[in-house]
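Below is one structure; the comments refer to it alone.
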Amino acid sequence: MIVVLIGYMGSGKSTLGKELARSLSYSFLDLDDYIAEKETASISEIFKSKGEIYFRKKETEYLNEVINSSENIVLALGGGTPCYSNNMPLLINNTNVKSFYLKLSIPLLVDRLFTEKEKRPLISHLTSKEDLTEFIGKHLFERSQYYSQSQYMINTDRKTQLEILDELKAQLI
Ligand code: S3P
């Protein structure tokens with residue numbers, strides 16, 4: 001089975017994914033890390049030298065590769081992965097995949113991302129919390145329609161990591 005974690009940048013896909021994989025004895029894979037390894041460049045470098053369109057093409061290509069694995073994997077997607085190409089239908093129509101949208105409110109995303117924006121090319125140019133709030137508000141509005149197609153949605157606001165993991169695992173039994 002492939003457990004796919006979906007959500008905006010900073011929603012905890014990688015942190016929670018690692019813990020979930022550990023407790024299920026699954027492998028953990030972060031799609032961004034996988035892309036960076038295959039392309040031998042960081043995500044920021046890929047955006048800078050080859051552009052976003054190239055990145056999205058590779059993202060879809062590597063997602064297809066990973067999703068067809070016969071291993072048990074917890075896979076953390078990039079925040080934009082579900083919103084491009086036919087990535088979301090690919091996940092929904094695969095009976096081997098369980099998809100979870102980790103939903104976090106805008107103020108909490110802003111707080112988290114403000115200190116972590118350097119390695120994220122889409123937001124690294126935003127210098128104030130106000131600008132970041134406006135950007136995330138619009139961006140999340142556009143992206144929600146894709147994220148909401150996930151099989152399960154978990155609201156993670158004000159929940160501990162343990163509580164979120166319990167909710168995730170409850171859907172996997
Ligand atoms: C992106 C999110 C990033 C990474 C890239 C683009 C996006 O992943 O894939 O910078 O479009 O939201 P994280 O969600 O892991 O930060």
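Quick note: residue numbers are just sequence positions, from 1. Any value given below was found using the heavy atoms of this structure, including those in side chains, with hydrogens, waters and symmetry copies removed. Note that ligands are numbered from 1 as they come in the structure, with each ligand's atoms numbered from 1 the same way.
- Atoms of ligand 1 found under 4.0 Å from any heavy atom of Ile43 (numbered from 1 in listed order, with element): 5 (C), 10 (O).
- Aromatic ring pairs are classed by plane angle as parallel below 30°, tilted from 30° to 60° and perpendicular above 60°; the pair Phe135 and His125 is perpendicular.
- With ligand atoms numbered from 1 in the order given, ligand 1 contributes 8 (O), 9 (O), 14 (O) to contacts under 4.0 Å with heavy atoms of Gly78.
- Taking all atoms of both residues into account, the shortest heavy-atom contact from Ser44 to Lys119 is OG-O, 3.5 Å.
- Residues Glu65 and Tyr34 bring a donor and an acceptor atom of their side chains to less than 3.5 Å of each other.
- The closest donor-acceptor contact from the side chain of Lys13 to the backbone of Gly7 lies under 3.5 Å.
- Every atom of ligand 1 with a heavy atom of Leu122 under 4.0 Å away is listed here by number and element: 7 (C), 11 (O).
- Defined by atom type and a distance below 3.5 Å, a donor-acceptor pair is missing between the side-chain atoms of Asn87 and Thr81.
- Using modelled atom types, one finds no donor on one side chain facing an acceptor on the other under 3.5 Å when comparing Glu37 with Tyr62.
- Counting atoms of ligand 1 from 1 in the listed order, those under 4.0 Å from a heavy atom of Arg143 are 7 (C), 11 (O), 12 (O).
- Close approach of ligand 1 to Arg120 (heavy-atom distance below 4.0 Å) involves ligand atoms 16 (O).
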Decide yes or no on salt bridge (charged side-chain N to carboxylate O under 4.0 Å, His left out) for Glu45 and Lys48, but give the supporting numbers first. CA-CA 5 Å; Glu45 282 162 1; Lys48 208 167 155 203; over 6 Å; no

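- Polar contact with ligand 1: present for Gly80 (N/O pair, distance under 3.5 Å).
- For the residue pair Ser124 and Lys117, the shortest heavy atom distance occurs at CB-O, 3.4 Å.
- Of all the listed residues (Arg56, Lys119, His139, Glu59), Arg56 holds the heavy atom that lies closest to atom 6 (C) of ligand 1.
- Near Pro121, meaning under 4.0 Å from any of its heavy atoms, are these atoms of ligand 1: 10 (O).
- Annotation for ligand 1: atoms under 4.0 Å from non-hydrogen atoms of Asp32 are 3 (C), 4 (C), 8 (O), 9 (O), 13 (P), 15 (O).
- Heavy atoms of Leu31 found under 4.0 angstrom from ligand 1: none, in either backbone or side chain.
- Ligand 1 has no N or O atom lying under 3.5 Å from any N or O atom of Gly7, backbone or side chain.
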